[in-house]
**Student:** 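Sending over a structure as structure tokens; questions will come in a sec.
Quick note on labels: first sequence line is chain A, next is B, and so on, each numbered from 1.
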Amino acid sequence: MPEQPYDHRAIEPKWQSLWDGDPGLYHAPNDDARPKYYVVEMLPYPSGKLHMGHVRNYSIGDTLARYMWMRGFNVLHPMGWDAFGLPAENAALKSGRDPRDWTVSNIATMKGQLKRLGFSYDWSREISSCEPEYYRWNQWFFLRLYEKGLAYRRQSRVNWCPECATVLANEQVVNGCCWRHETTPVVQREIEQWFFKITEFADELVDGLDRLDTGWPERVRAMQANWIGRSDGAEVEFKHDETGEPIRVFTTRVDTIFGASCVILAPEHPLAAGMIRSEDGPRLKAMVDDQARKAPGEIEKDGFDTGHFAVNPYSGGKVPVWIANFVLATYGTGAIMAVPAHDERDFEFCTKYGLPIRAVVRPVEGTTPDPVVDVFTDYGVLEHSGSFTGLTSQVAREKMAKYAEFMGFGKAKITYRLRDWGVSRQRYWGTPIPMVHCVVCGVVPVPDSDLPVLLPNRVAITGTGRSPLENVAEFMNVKCPKCGADARRESDTMDTFVDSSWYFYRYADPRNSGAPFDPAIVRHWFPMNQYIGGITHAILHLLYSRFWTKFMRDMGLVDHDEPAANLFTQGMVLGTDGTAMSKSKGNVIDPDEMIDRYGADTCRLFTLFAAPPDKDMEWNESSVEGQHRFLGRAFRFVTRNIGAQREGVEENGRQAQRKLHQTIQKITADFDNRWHFNTSIAAMMELSNELTALEAGIPGELLPEILENFIKLLAPFAPYTAQELWVAAGGEGAVFRQPWPQFDEALAAQDEIQVPVQVNGKLRGRIAVSIGLPKDTLEQAARADEKIRPHLDGKQVVKVVVVPDKLVNFVVKS
RNA sequence: GCCCGGGUGGCGAAACUGGCAGACGCAGCGGACUUAAAAUCCGCUUCCCGGCAACGGGAGUGCGGGUUCAAGUCCCGCCCCGGGCACCA
């Protein structure tokens, strides 16, 4: 066959239909003979168009899915969409369009782009979290959580910008001010909000991380453990010296309690307001307000004495009760004991206000530091600690906690940094929370039979920060499901992280109208084998979805503890300014231009080749030419050799086969172990280069096998080009229907190798020898080499290290 | 402060279990083909010294030590960059 020019414009449109509308490309529903493999990439959100960051992410997943299929697995690889609330609503505000129309049209755009890139998702499983059916099951889950006491409503503080009249997420508060109004201080508001009790699972969420050690990156596990922040300590009561009212204090160092100088309450502590002197009222109020705009780590420690005293339960001594800005109301009990001799922060505070400093722990060895100057924070041996004196800190912590429990003033206690998950959003665009407020009955859940509660259409987005739903009478006014009286609907909608917590389960059974999914189907596919996504979701999404799985397991819906056996976090694609791509920064690179110019295959190859997939990648298009050239070379090589008849040279044929089988071996190993697609592609290039160099001498009868395997190896990386070549070479159907090539170890074996020879660890020459030579033969060959001899002549060889097939090293003395 | 990563040519990177540092590609330089350009193909390309040259010698993986016949890789002590958490009791 004469050589064909490589023209991606002629090739790629031709094969789009091959995977468009072929839901079974990977997943063969009735094929239980194959082992199963379930790969999911994290949800794209339809905030416009795909950018190169997405392309890289999906290229990794798609390449893997194709390989797994060719390896004989039954691969489920679906695609879905997240209807992010804020972007949709903001865009609607700007354009005047309904968020639903906006979202639907953006999904269509992105879907088109993904198809153009040749990503062969199982589109029949396409779901969107803005579908009514998806709302239904979100709400159904909400009700199940509510029944178990895992969904509850309470007053909660939120950040509020008076200028925009809206609730701000923590990330939107910059230096205590609104991110849009840099001079407007954010205030705190108390509003009723819904929460999920993720803290109920805190222990399991931490402990479960250990069992994910082989499948999840260390980085993600560390971040989650950090975020949950489990700390082991004790809770004890200091009683008010007159009223006997207990002040509960959490500490990890109960062994230092004999050194407590005071008890300090957070400004928001329930007892604080009642304890202060009347003239301190404004001071306390200022401190409470100030908590909002606290820039962490910057704020000056500030506090004042209430004039009240509390009793140290161990020593019986009286200590003053203070109020200070650095004590967090939301951590532990909202009150601490300050032990300045053994804690840096307490030391700073007590020194500032002249509170006494008393050392009660000394180092096991060495000199005791002067407590007025030096803080000793390590474990040691207790002193001045009553009957606990002389114990080590470790032993004392345990004994003292037990003593507290025996005496009834405290106990050992574990505290977490993790807070319950606030799921209320005062926005239009999200799943309505299925609750009704009745004056008579209070909060009443919507019965299952009335689900889904749908959003009204064409709601005016006000941008005031209050839910726009409150203005929609026909949505808000309902009858109480319990007593039938007039009632109002809950106007909060759910955080979109609720949607993403279980979407990958819905993929398995996306059209089920009687349940979120059929447990039998989920048992078949789960836990998913491979989850792929950005590090940005390391904490929130990946923690929430783990929580969801555990909750569903407790409900009996699923039979596993963790949703994903393996997690892969691909590196970010950094924009032209070296920071992560984001629309608001305007540094987004979209793939369309590159696809037009070089084609989808080049574009995919480029993102995979530039760096290993777990590494961040700074944007630099210069090497894209190289990928395009490679595809062109490979294409022309194959087309001009299809059906070629020639005599050839045996040695050339042997070499070509050897390189082919070595490449199969190398790429298979890359896929199975570490997904370094950059080295796989480099191996393909080497193979292509070598075949071209040997070309004229490759015997014609070897060509069919070589070409066929070459095409199959290329298929996961460059599907269009491979498909075109597959058919040109006489193949039928999709190249992915073909099994992945097997390597033959005998053919891959090198019969002659170059073994480096060193003298005193310095490379002095190489010898060409046949493989598998015994040590002494190898040594003789090395000694005889003319480049080595001069280095050994007249010198004493002290030692010879011979590693068969690897190296010879002579250690000499002159 | 604590916890994770990372530091290798002009650039992206490779070297997977200690065994030839720089595979593969980009950029660059030289050449072939061409009236010319594009495309394509071939050669060189870590740095320094010597040589017309083939080649020879030396240095070299953030810095300083160490282990080893042999260290980018292992150990000890630092420096720098990125990320996460952070008055968390």
Side-chain angles (χ1 to χ4, degrees), chain A residues 5 217-231 233 249-254 256 264 266 294 296-301 324-328 330-339 342-346 348-349 415-418 535-536 538-539 571-572 574 578 605-606 609-612 614-627 629-630 632-633 636 666 669-670 673-674 676 678-689 692-693 754-766 787 798-803 805-812:
Chain A
E218 168 64 27
R219 180 159 60 141
V220 173
R221 290 185 294 120
M223 278 164 79
Q224 291 208 358
N226 214 333
W227 182 262
I228 296 165
R230 177 160 67 185
S231 83
V249 156
F250 174 75
T251 176
T252 53
R253 290 298 302 274
V254 71
T256 65
I264 311 177
K294 180 158 81 171
E298 303 261 311
I299 210 158
E300 162 89 18
K301 284 183 183 46
N325 62 349
F326 70 90
V327 179
L328 301 174
T330 46
Y331 184 78
T333 60
I336 64 160
M337 63 174 193
V339 185
H342 305 296
D343 182 284
E344 297 276 1
R345 188 205 46 213
D346 295 346
E348 195 193 320
F349 184 79
T415 294
Y416 305 89
R417 205 194 74 96
L418 182 71
I535 188 69
T536 34
I539 295 170
M572 282 184 297
L574 304 178
L605 219 48
F606 165 72
F609 183 75
D614 52 344
K615 227 185 129 172
D616 284 352
M617 170 183 154
E618 262 180 65
W619 192 252
N620 180 359
E621 267 178 49
S622 61
S623 73
V624 70
E625 292 276 358
Q627 305 311 307
R629 282 200 280 262
F630 160 64
R633 271 199 303 274
R636 291 189 302 272
K666 156 88 180 139
D670 272 350
N673 300 324
R674 47 174 210 171
H676 277 203
N678 53 333
T679 59
S680 302
I681 294 166
M684 283 302 292
M685 290 172 169
E686 280 186 58
L687 174 60
S688 165
N689 292 345
T692 308
Q754 298 272 319
V755 171
V757 181
Q758 300 178 334
V759 177
N760 284 344
K762 281 190 199 290
L763 182 71
R764 295 299 179 187
R766 295 189 179 86
K787 281 196 180 148
V798 184
K799 186 176 179 183
V800 184
V801 180
V802 182
V803 184
D805 297 340
K806 285 274 180 179
L807 137 154
V808 180
N809 187 13
F810 294 99
V811 185
V812 301

**Student:** Classify the glycosidic conformation of B:G9 as syn or anti, calling it syn when the angle lies within 90° of 0.
**Tutor:** syn
**Student:** When you get a sec, tell me which of B:G84, B:C4, B:C88 is the closest nucleotide to the side chain of A:Arg417?
**Tutor:** B:C88
**Student:** Taking for each residue the nucleotide of RNA chain B bearing the nearest heavy atom, is the 5' side occupied by A:Glu218 or by A:Met223?
**Tutor:** A:Glu218
**Student:** List the residues meeting salt bridge (Lys or Arg N to Asp or Glu O under 4.0 Å) with A:Arg633, not counting sequence neighbours, and say none if there are none.
**Tutor:** none
**Student:** Pick the P atom in B:C69 and in B:G18, then give their distance to the nearest Å.
**Tutor:** 16 Å
**Student:** Nearest-Å distance, NZ (A:Lys301) to P (B:A89)?
**Tutor:** 14 Å
**Student:** Atom CZ of A:Arg230 to atom P of B:A89: distance rounded to whole Å?
**Tutor:** 14 Å
**Student:** The side chain of A:Asn226 is closest to which nucleotide in this list: B:C85, B:A89, B:C69?
**Tutor:** B:C85
**Student:** Write out the stems for RNA chain B, ordered by first number and formatted as range with range, counting runs of at least 3 consecutive Watson-Crick or G-U wobble pairs under 3.5 Å.
**Tutor:** B:1-7 with B:79-85, B:10-12 with B:24-26, B:28-32 with B:40-44, B:46-50 with B:55-59, B:62-66 with B:74-78
**Student:** Quick one: label A:Arg219 by what it contacts on the DNA or RNA (base, sugar-phosphate, nothing), any heavy atom closer than 4.0 Å.
**Tutor:** sugar-phosphate
**Student:** Scan nucleotides 13-25 of chain B nucleotide by nucleotide, 5' to 3', and note B when protein non-hydrogen atoms come under 4.0 Å of the base, S if they reach only the sugar-phosphate, - if neither.
**Tutor:** SSSB--BB--BBS
**Student:** Tell me: NZ of A:Lys787 to C1' of B:C55, nearest whole Å?
**Tutor:** 9 Å
**Student:** Partners of A:Glu344 by salt bridge (Lys or Arg N to Asp or Glu O under 4.0 Å), sequence neighbours excluded?
**Tutor:** none
**Student:** For A:Arg221, check salt bridge (Lys or Arg N to Asp or Glu O under 4.0 Å) against everything at least two apart and list the hits.
**Tutor:** A:Glu218
**Student:** Who pairs with A:Phe810 by ring pair (Phe, Tyr, Trp, His ring centres under 6.0 Å), at least two apart in sequence or on another chain?
**Tutor:** none
